[in-house]
Amino acid sequence: MRPSRHFFEEPVDQVARSLIGGLLLVNGTGGRIVETESYDADDPASHSYLMRRTPRNGAMFGPPAHVYVYRSYGIHWCLNFVCSPGSAVLIRALEPVKGIEAMRRRRGTTDDALLCAGPGRLCEALGIDKRLDGASLLRPPFTLTLPDDRRAILIGPRIGLTKAAERHRRFGEKDSRFLSRRFAKET
DNA sequence: CGATAGATCGGCT
DNA sequence: GCCGATCTATCGC
């Protein structure tokens with residue numbers, strides 16, 4: 001099923017969780033979403049913290065169901081789905097499904113476990129860059145399909161943060177081998 | 001395995 | 001100037 005704009009107006013943690021298992025394609029290339037993180041304006045780790053707008057983060061305050069693409073560490077691109085104003089879901093990893101040869105070519109690797117395992121890697125694999133910032137997720141080149149089956153989902157602290165690192169706003173598919181990192185072991 | 005340096009842009013102090 | 005929602009190569013145990 002294709003999401004409506006309303007899907008993205010739900011609480012951002014719920015959206016991030018519900019996206020796990022969904023199919024994301026850009027120009028027909030991509031895969032199943034296996035890892036996400038949520039961010040909002042109350043979050044010191046978020047670019048939208050305190051609803052502060054800058055030239056970079058404008059898309060986070062635009063309409064839901066659009067994308068926010070930003071440059072990370074001056075090198076990589078990262079893809080977010082915009083939810084309610086100032087909130088967004090960072091897409092952190094995909095299980096490659098379609099256009100695998102094209103993704104291998106763009107990434108320069110044949111190791112499928114590393115094709116889309118990380119926000120920077122998946123943007124490189126799908127050819128996502130600044131040109132897509134602010135584009136609608138509900139129209140080409142994007143195709144997004146929500147999951148039709150419910151698989152076990154793990155929740156844990158987000159990755160690579162120095163602020164608010166303790167918040168459990170990272171969601172991932174249990175037992176997926178395409179995650180950017182393993183979740184902490186359950187006891 | 002784990003730790004670390006370096007690439008290098010935008011935003012903040 | 002410094003730091004970060006990252007990734008890769010290259011150290012050392």
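All chains are named by letter (A, B, ...) in the order of the sequence lines, taking the proteins before the strands, and each is independently numbered beginning at 1.
- For DNA chain B, the outermost nucleotides in 5' to 3' order that have an atom under 4.0 Å from a heavy atom of chain A are dA7(B) to dC12(B).
- Shortest non-hydrogen contact noted between A59(A) and D133(A) is CB-OD1, 3.6 Å.
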Checklist entry - Could you spell out the base pairing of DNA chain C in dot-bracket, with Watson-Crick or G-U pairs whose two distances are under 3.5 Å, [ ] crossing and | to another strand? => result ||||.|||||||.

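- With sequence neighbours excluded, the residues that form a side-chain hydrogen bond (donor to acceptor under 3.5 Å, both in side chains) with R158(A) are D43(A).
- With sequence neighbours excluded, no residue satisfies side-chain hydrogen bond (donor to acceptor under 3.5 Å, both in side chains) with E166(A).
- R107(A) comes within contact range of the sugar-phosphate backbone alone, with a heavy-atom separation under 4.0 Å but no base atom that close.
- In this view, F178(A) satisfies the ring pair (Phe, Tyr, Trp, His ring centres under 6.0 Å) rule with no residue, not counting sequence neighbours.
- One N or O on the side chain of S87(A) and one on the backbone of S84(A) form a donor-acceptor pair closer than 3.5 Å.
- Within the nucleic acid shown, R92(A) comes within 4.0 Å of sugar-phosphate atoms alone, with no base atom in reach, counting heavy atoms only.
- Note that the CG atom of L154(A) and the NZ atom of K174(A) stand 6.5 Å from one another [nearest 0.5 Å].
- Looking at heavy atoms from C-beta onward, V89(A) lies in side-chain contact with L19(A) at the 4.5 angstrom threshold.
- Heavy-atom distances under 4.0 Å link DNA chain C to G118(A), P119(A), G120(A), R121(A) of residues 116-129 of chain A, given in residue order.
- Within residues 63-72 of chain A, the residues approaching DNA chain C are Y70(A), S72(A), by heavy-atom distance under 4.0 Å.
- When all heavy atoms are compared, the tightest approach of M103(A) to C116(A) is SD-SG, 3.8 Å.
- Across all strands, S180(A) comes closer than 4.0 Å to no nucleic acid atom at all (heavy-atom distances).
- Under the side chain to side chain contact (heavy atoms under 4.5 Å, CB included) criterion, D13(A) pairs with S38(A), R169(A), F171(A), sequence neighbours left out.
- Shown here are the side chain to side chain contact (heavy atoms under 4.5 Å, CB included) partners of P157(A), two or more places apart in sequence or in another chain: H168(A).
- Salt bridge present: R5(A) and E9(A) bring a charged side-chain N and a carboxylate O closer than 4.0 Å.
- In summary, contact between chain A and DNA chain C, defined as any nucleotide atom under 4.0 Å from a heavy atom of the protein, begins and ends at dG4(C) to dT8(C) in the 5' to 3' direction.
- DNA chain B lies under 4.0 Å from at least one heavy atom of each of the following residues of residues 32-62 of chain A: R52(A), T54(A), P55(A), R56(A).
- Using a 4.5 Å cut-off between side-chain heavy atoms of Ile, Leu, Val, Met, Phe, Trp and Tyr, with links allowed through other members, I159(A) and W77(A) fall into different hydrophobic clusters.
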Item to check | Steps toward side chain to side chain contact (heavy atoms under 4.5 Å, CB included) verdict (Y39(A), L161(A)) | outcome: CA-CA 12 Å; Y39(A) 291 85; L161(A) 304 186; 3.8 Å; yes

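- Nucleotides dA5(C) and dG2(B) place their P atoms 23 Å apart, quoted to the nearest Å.
- Rounding to the nearest 0.5 Å gives a distance of 9.0 Å between SG of C83(A) and CE of M60(A).
- Partners of L137(A) under the side chain to side chain contact (heavy atoms under 4.5 Å, CB included) rule, at least two apart in sequence or in another chain, are F8(A), L24(A), V67(A), F81(A), F142(A), L144(A).
- Residue contacts for L90(A): at a heavy-atom cut-off of 4.0 Å it reaches a base atom on one of the strands shown.
- Each of R104(A), E95(A), E124(A), R121(A) was compared with L115(A) under the side chain to side chain contact (heavy atoms under 4.5 Å, CB included) criterion, and only R104(A) meets it.
- Remark: aromatic rings of H47(A) and Y70(A) are close, center separation under 6.0 Å.
- Across R170(A) and S180(A), no two heavy atoms sit closer than the pair NH2-OG, 4.0 Å.
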